[in-house]
Structures are given as C-alpha cells and as structure tokens.
Number of protein chains: 2
Amino acid sequence: MLQKANAQVSQANRHRPPSPTLQDVATAAGVSTATVSRCLNAPDRVVAKTREKVLRVVREMGYAPNFGAQALAAKRTNTIGAIIPTMENAIFARGLQAFQEELARHGLTLLVASSSYQPDLEEEQIRTLIARGADALLLIGFDRAQGVYDYLEKRGIPYVISWAHRGGSGPLAVGFDNRAAMRLLADKVFALGHEAVAVISAPVAQNDRARERVEAVQDAAAAAHGAGAAISIVEVPYAIENGARAMADLMAQTPRPTAVLCGNDVLAVGALARTRALGLDVPRDVSITGFDDIELAQIADPALTTVHVPHADMGREAASLIARLLSGGTGESVALETRIVMRGSLGPPGKP
Amino acid sequence: MLQKANAQVSQANRHRPPSPTLQDVATAAGVSTATVSRCLNAPDRVVAKTREKVLRVVREMGYAPNFGAQALAAKRTNTIGAIIPTMENAIFARGLQAFQEELARHGLTLLVASSSYQPDLEEEQIRTLIARGADALLLIGFDRAQGVYDYLEKRGIPYVISWAHRGGSGPLAVGFDNRAAMRLLADKVFALGHEAVAVISAPVAQNDRARERVEAVQDAAAAAHGAGAAISIVEVPYAIENGARAMADLMAQTPRPTAVLCGNDVLAVGALARTRALGLDVPRDVSITGFDDIELAQIADPALTTVHVPHADMGREAASLIARLLSGGTGESVALETRIVMRGSLGPPGKP
DNA sequence: GCAATGCTTGTAAGCGCTTACATTAGTCGG
DNA sequence: CCGACTAATGTAAGCGCTTACAAGCATTGC
C-alpha cells in the first residue's frame with residue numbers, strides 16, 4: 001500500500017536509520033533479548049546491576065518497543081476501545097475525557113469511535129475496534145442486539161457498560177439508574193401541582209436510557225394522578241433545534257402543558273429558547289427541565305432545573321474497572337448517584 | 001432487542017476456541033496463505049473465482065486478521081493519533097468527532113489523548129501514541145519544543161497541525177488564521193467607538209492560538225488609537241468560572257472597560273454571567289465577545305458576538321489530508337475561513 | 001566440601017501476517 | 001500446436017517481541 005510516499009514523508013523516510021530493536025539493545029548491553037525484555041516488563045526478575053546497565057543502554061539508544069511485535073507476542077495492546085453515541089454532546093465528551101485520563105494513569109490508551117445513536121453503526125464500530133486490537137471496550141447503555149453480546153463473549157473481550165445501571169446480574173456496568181433519577185425529578189414536578197405534563201425525549205427505540213427516563217415520568221404521573229393520567233410524548237433526536245421545534249408543537253396544543261420534561265439538557269435548552277421566543281414566560285407559563293447538567297444548563301436563562309449526572313466519576317470508575325479486569329482482577333458493577341439540581345426553570349403551574 | 005448477557009469475564013475466557021488464522025482459512029479454502037492475504041488486501045491480484053471461494057470461507061469462519069501480526073508484518077496500523085488540549089471544550093470535542101468520522105470513512109481508527117494544555121504532557125502523549133503504533137498524528141497549534149518536531153521527523157511520522165494556520169512553509173496545517181480572525185472582530189469593536197478595551201485570554205505562553213488572538217487585539221488597538229493605546233490583559237485558564245472571576249476584576253477597575261474581548265466562548269460566557277450578576281447590562285454597560293461559536297454562545301443572554309470557527313470542516317479536512325499522506329499522496333496546508341457572528345453582546349459604548 | 005536449592009540469565013520457539021521471489025498455469029501469435 | 005510471455009498462485013523468509021524451558025551460578029545445610 002504505502003509504496004511511494006509524498007515529498008514530505010519520503011524526505012523523512014530517506015535517510016532514517018531503522019529504530020533500534022530489542023536485539024540491538026541486547027547486543028549493546030551484552031545480554032540476551034530475554035533479559036532486556038524482562039528489564040522492561042518485569043524489572044524485579046533481573047538483578048539490580050544488570051537492570052541498571054540495560055536500562056542505561058535503552059535510554060542511550062532511545063529504544064522503544066515495536067508495537068506490532070509486542071502485540072503479537074504478548075497478545076495484548078494496552079489499548080481500550082470506547083464507542084459513544086457522539087462527542088457533540090458535552091456530557092459524553094467530558095465523560096470520555098475523564099475516562100481517558102484514568103486510562104492513561106494505568107498505562108492504557110484510548111481508541112475512540114462514535115455510533116451517532118445508530119445500532120448497526122455501533123455494531124460495526126465494535127468489530128472495528130476489536131479488529132484494531134482493543135483489549136477491552138466501553139459501551140454506552142444496555143440496548144443492543146443479542147448477537148453483539150454473543151460476539152463479545154465469543155471473542156472473550158471484556159467490556160463495561162456505562163451511562164446506565166441495573167440491579168441484578170448482567171453485564172458489568174458503571175452508571176446510574178436512569179429511571180430512578182428521572183422519577184425523582186418527575187415526582188417533584190407533580191408535587192408542585194402540575195397536571196398537564198409533556199415529555200420531549202430522544203427516540204426510545206434502541207435507547208434504554210431515553211426509554212427509562214420516559215417511563216419514569218409515566219410512572220410518576222400514574223402515581224400522582226392515577227393510572228389514567230396521560231402525558232404527551234414527543235420523540236426527536238437530541239439537538240437544540242429539535243427541542244425548539246418540539247416545544248413549539250407542544251405549546252400549540254390545547255390544553256397547553258404546564259411542564260415539559262426533556263430527555264436531556266440539549267433538548268431542554270432548545271425548548272427553553274423557543275418558549276421565550278414565543279413570548280411565554282418560564283416557569284410562569286410553562287416549566288422546563290433537562291437532564292445531564294452540562295454547562296448549557298446553568299447558562300440558560302432561566303437556568304435549567306436538571307438531573308446532575310456524575311460524568312467524570314463515571315468515566316473514571318469505568319476506566320479503573322477495566323484496568324482491574326485486564327490485570328486479571330475481578331470487578332463489580334458500580335452504581336453512581338445522581339441528584340436533582342433545582343434552578344429557575346421549574347416552578348408551580350401558573351394560575352390561568 | 002433487549003438482552004441479558006451473562007457477562008462473567010472469567011467464564012468467557014475459559015474454553016474459548018482460538019480464533020481462526022490466515023493459515024486456517026487458507027487450508028479450508030485449499031489455497032496458500034499468500035492468496036488469502038491477497039484476497040483481503042489486493043483483491044484484483046487474484047482471479048475472481050479464487051477470490052470468491054476464499055472470501056466465502058473467510059465469511060463462514062468469521063476470520064478477522066490479527067492486529068498485532070498485521071501491524072508487525074505490514075509496518076502500519078491504520079490508526080491515527082490525536083492529541084488535543086481537552087475534550088471538555090465542545091469546540092475540540094466536535095472537531096474531533098468530525099475528524100473521527102472522516103477517518104472511519106478511510107478505514108482509519110482514532111487514538112485519542114489530551115494534554116490539558118500542558119506542553120510536557122503533550123510531549124509524553126506524542127511518544128505514547130507513537131509507541132502505540134499511530135501511523136500519523138493530529139496536533140493542535142504550532143507551539144511546541146523544537147525537540148518534539150525533531151523527534152517526529154526522526155521517526156518519520158507524518159503529522160498535521162490543526163486549529164492554526166500560517167502562510168509560508170513549515171508543518172502541514174489545516175486551520176485558520178487566529179490573528180486575522182480576532183483582528184476582524186477587534187476592528188469591529190473599535191469601530192463602534194470603544195476605547196477602554198480589555199482582553200481575557202488563556203495563558204499565552206506555549207499557546208500560539210491564544211497569543212495571536214491577544215496580539216490581534218493589540219494591533220487593532222494600535223491601529224485605532226495609535227501605538228500608545230493600552231489594553232488590559234488578564235490571563236486565566238479556559239473555564240467559565242475563571243472568565244467570571246477575571247470579569248469581576250476588570251469591572252472593578254477604573255476606568256472600567258467598555259468592551260471585553262475573550263479568548264474563547266467559555267471565558268466569555270463566564271464573564272457575561274458574572275457581569276449580569278453584578279447588575280450591569282450587556283452591552284449597554286459593557287460589551288463582551290467570545291471566540292469559537294459553540295452552542296453556549298447562542299444560548300447565552302444576550303447571545304454572544306463571537307468568531308465562528310469551522311470546527312467540523314477542520315476535523316474533516318485534517319482527516320482526509322492525513323489519509324492522503326498515508327496512501328502515498330501529497331498534501332498541502334489548508335486555510336479555512338472564519339466569520340464574525342454578530343449577536344447581542346456587542347454594542348456601542350454606553351454614554352456615561 | 002558437596003549436593004540441594006533458588007536465582008539469574010540464556011536459548012530458541014513461536015505469535016500471525018505480508019511480500020519478494022519462485023513456480024506454475026494460461027494466453028496468444030505464428 | 002508450440003514457445004514466449006503474462007497472470008495467478010505458492011513458498012518461505014522474516015517482522016520484533018515474549019516466554020517456557022534449559023542452563024549456569026551462588027548460597028546454604030549438613
């Protein structure tokens with residue numbers, strides 16, 4: 001493939017001495033390759049004097065192990081794959097940032113792909129990352145075809161689910177209970193006296209997090225107003241503009257909802273902006289809530305009442321769980337706590 | 001669709017049959033390993049009939065090449081490393097998203113690390129990613145020790161600089177002219193009649209983008225009010241809270257600036273929030289501008305006048321440039337256009 | 001002082017794939 | 001129908017590292 005390199009590359013390629021190999025180091029240090037390898041990978045299996053001599057040579061020659069060779073011989077790459085829906089949403093980007101930082105602390109490197117919330121793309125990415133030598137994977141949410149789980153098991157690739165958590169057995173997960181989190185918020189909304197409540201959610205098919213959040217609102221409605229309580233639900237992909245459009249539709253309904261719970265802050269911020277553009281007051285005319293507690297939520301005016309998701313902890317914990325699994329340790333799922341952040345966008349329903 | 005995967009890692013590891021190798025496929029298909037390899041990597045060097053037979057066997061056996069072996073033998077990993085300051089800032093996260101999508105389109109995978117704006121950490125990450133087999137690198141900005149560039153050249157690793165661009169020769173870059181972009185905005189500010197102007201910037205040491213933006217404001221000031229024109233400059237790391245604190249300090253100065261240009265939207269949003277908390281009106285009492293045009297900028301109230309940075313184009317172009325370099329093609333730097341987005345946070349100075 | 005014991009180090013066999021080169025099959029003009 | 005030439009396929013040599021096993025060596029107990 002890489003036949004003739006371009007000007008820049010070929011220049012660099014021209015007179016470049018091949019980088020030193022283990023063998024070169026071994027020869028220079030007057031020991032065997034095995035000893036050099038041990039100095040690097042299991043220093044205490046080599047006597048101090050030898051080790052120092054070898055490491056000095058390593059430093060002098062600027063030796064760095066060849067990745068492919070190491071992967072081939074050791075059957076591991078110290079590389080972890082993560083497939084997240086998108087980095088466009090700050091909550092995932094920041095979770096990933098924390099994940100990467102913690103991985104780095106364990107000598108692991110992060111391989112990234114995004115699925116754009118498309119299950120088949122996610123499946124393809126999973127295969128790609130495994131083919132690229134990922135030693136373990138981080139996946140978001142539980143919803144995916146059984147075949148994917150089977151594949152993972154068959155290949156024996158450890159994986160951790162994040163952004164969701166369920167009691168009982170099942171895949172290892174580091175996340176939070178989406179249903180419980182949203183339920184708490186919805187209960188607060190109903191406790192304020194709202195009756196006409198609507199939800200703007202991401203499409204719930206193939207998305208357990210979104211689905212559980214919606215169900216939580218339905219549960220809360222049933223608890224507050226009996227099984228008959230109906231709430232409108234609008235499903236649109238996560239995007240500010242979609243939140244705005246969905247809100248416009250809801251505000252045109254009769255009777256108009258007095259509270260709109262959104263599936264995440266991005267939708268909520270769009271809804272909020274549109275509401276104000278329509279000349280309505282938040283929360284007097286309508287209350288709006290979000291989910292995630294990203295920066296947008298505090299900046300919005302009025303600031304969004306939302307559910308704070310511990311994205312950084314989640315990323316960090318997931319990374320250290322993976323590190324533990326890879327070093328042969330055992331691991332348990334971790335349930336993290338969310339909390340409701342009360343801000344200006346939620347209030348009691350206005351008296352008509 | 002829903003699944004209960006019984007993921008016990010140790011279980012999965014127990015009796016797993018080894019995945020098929022090239023040799024297995026070759027034997028099953030009744031050809032040599034070379035032919036199988038060619039079917040996969042250079043299909044047109046194999047006659048159709050053989051190819052179909054081999055590919056069928058590949059599919060049936062679920063063969064996937066061993067990454068390490070491939071990397072070792074082919075001396076390439078189809079993996080690209082990117083080192084960005086942080087994913088916490090949406091502008092980088094989104095640029096990276098576009099970068100990854102385009103890489104995927106070329107069959108390349110993304111390896112990610114973040115430097116937290118620390119040069120030595122960046123240098124370490126560069127070495128790590130190269131050691132991990134990255135075929136090429138994406139780096140942000142030009143500022144880094146000469147030794148790093150030397151190392152890159154010595155190792156013959158192609159790299160592309162993003163988020164900045166300079167005329168003339170030098171490293172390949174896909175970015176925009178930070179100085180020109182900020183100059184345009186600053187000129188508008190001065191044209192409105194502002195005289196007491198301040199800047200809230202990220203620390204400019206080791207950060208060419210930040211530095212050029214500050215210098216652009218100084219240039220504009222000199223052009224508008226003569227060489228003596230002094231503007232206050234506050235340097236704080238990018239963070240909403242830091243923007244807020246810096247703004248509070250500036251608002252306590254006498255004379256109070258009538259316009260504050262911020263190094264990015266994150267700082268600007270913090271500055272804006274604090275200004276309003278202080279009871280001041282934007283833009284009547286003080287104008288505020290940002291840089292990047294992330295979502296926060298439109299959501300802020302008043303919405304931020306800012307510089308729109310084509311993050312997605314940048315990511316995409318950088319990825320395709322890298323793909324071209326790796327396939328032996330030649331590449332040129334790309335200069336992208338920014339544009340000023342006028343919104344409510346900038347106005348003429350209030351008459352005292 | 002000698003064998004047993006426990007470390008340290010060396011030897012060498014792969015790991016699975018790519019690819020230069022050798023070999024064989026196929027094509028075509030004469 | 002044959003020889004020359006080209007296309008298709010096979011052979012086998014690594015790529016650089018890890019690690020099981022072997023060998024060497026210094027202690028230690030008797």
Side-chain angles (χ1 to χ4, degrees), chain A residues 1-4 16-55 57-58 61-79 130-133 135 155-156 328, chain B residues 16-55 57-58 61-79 130-133 135 155:
Chain A
M1 323 278 136
L2 249 142
Q3 304 296 19
K4 57 175 171 184
R16 186 152 29 86
S19 36
T21 69
L22 237 214
Q23 184 56 255
D24 296 336
V25 175
T27 306
V31 298
S32 73
T33 60
T35 298
V36 179
S37 177
R38 280 190 285 255
C39 284
L40 264 20
N41 302 312
D44 29 288
R45 296 187 30 60
V46 176
V47 79
K49 195 163 163 248
T50 311
R51 192 191 327 139
E52 280 158 21
K53 180 178 59 183
V54 170
L55 292 181
V57 175
V58 164
M61 302 183 71
Y63 168 78
N66 174 291
F67 178 71
Q70 195 164 18
L72 178 57
K75 300 182 188 320
R76 81 184 134 59
T77 61
N78 291 323
T79 290
I130 291 178
R132 283 285 189 283
D135 287 340
R155 300 275 305 215
Chain B
R16 186 152 27 85
S19 36
T21 69
L22 237 213
Q23 183 57 255
D24 297 335
V25 175
T27 307
V31 298
S32 72
T33 59
T35 297
V36 179
S37 176
R38 279 190 284 256
C39 284
L40 264 20
N41 301 311
D44 29 291
R45 295 184 36 59
V46 176
V47 78
K49 194 164 164 247
T50 312
R51 194 194 322 144
E52 281 157 21
K53 180 180 57 181
V54 170
L55 292 181
V57 175
V58 164
M61 302 183 71
Y63 168 78
N66 174 292
F67 178 72
Q70 197 164 17
L72 178 57
K75 301 186 189 317
R76 100 187 111 61
T77 60
N78 291 323
T79 289
I130 291 179
R132 283 288 186 283
D135 287 340
R155 301 275 305 216

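Chain identifiers are assigned alphabetically (A, B, ...) following the order of the sequence lines, protein sequences preceding nucleic acid strands; residue numbering begins at 1 within each chain.
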Could you give the distance from OG1 (B:Thr77) to CG (B:Leu72), rounded to the nearest 0.5 Å?
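Reported value, rounded in 0.5 Å steps: 12.5 Å.
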
When rounded to the nearest 0.5 angstrom, what is the spacing between OG1 in B:Thr50 and CZ in B:Arg45?
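The CZ atom of B:Arg45 is 13.0 Å from OG1 of B:Thr50, to the nearest 0.5 Å.
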
Are the side chains of [X] and [Y] in touch, meaning some heavy atoms are under 4.5 Å apart?
X	Y	value
B:Gln70	B:Asn78	no
B:Ser32	B:Thr35	yes
B:Val31	B:Val36	yes

Answer with base, sugar-phosphate or nothing: what part of the nucleic acid does B:Ser37 contact at a heavy-atom distance below 4.0 Å?
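Here B:Ser37 touches the bases of the nucleic acid.
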
For a side chain to side chain contact (heavy atoms under 4.5 Å, CB included) with B:Tyr63, tell me which candidate from B:Val25, B:Asp24, B:Leu55, B:Val57 qualifies.
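Only match with B:Tyr63 under side chain to side chain contact (heavy atoms under 4.5 Å, CB included): B:Val25.
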
Determine, step by step, whether B:Arg132 and A:Thr79 satisfy the side-chain contact (heavy atoms from CB on, under 4.5 Å) criterion, reporting the C-alpha distance in whole Å, the side-chain angles of both residues, the deciding distance to 0.1 Å, and the verdict.
CA-CA 8 Å; B:Arg132 283 288 186 283; A:Thr79 290; 3.7 Å; yes

Could you tell me the boundaries of the chain B footprint on DNA chain D, defined by atoms under 4.0 Å from its heavy atoms?
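Under 4.0 Å from chain B, the extent on DNA chain D is D:dA8 to D:dG16.
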
Using atom types as modelled and distance alone, determine if a side-chain donor or acceptor of A:Arg51 lies under 3.5 Å from a backbone N or O of A:Val46.
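Pair found, side chain donor or acceptor close to backbone of A:Val46.
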
A:Lys53 NZ to C:dT8 P, straight-line distance once rounded to whole Å
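One finds 15 Å between P of C:dT8 and NZ of A:Lys53, rounded.
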
Between C:dT9 (P) and A:Glu52 (CD): distance, integer Å:
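One finds 12 Å between P of C:dT9 and CD of A:Glu52, rounded.
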
Does a side-chain N or O of A:Thr50 approach OP1 or OP2 of C:dT9 to a distance below 4.0 Å, or not?
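A:Thr50 to C:dT9 OP1/OP2: side-chain N or O found under 4.0 Å.
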
Considering heavy-atom distances to DNA chain D, does A:Arg45 or A:Thr21 have its closest nucleotide positioned more toward the 5' end?
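Of the two residues, A:Thr21 wins.
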
Name every residue in residues 67-75 of chain A that has at least one heavy atom under 4.0 Å from any atom of DNA chain C, in order of residue number, or write none if there are no such residues.
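Of all residues in residues 67-75 of chain A, the ones placing a heavy atom under 4.0 Å from DNA chain C are A:Leu72, A:Ala73, A:Lys75.
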
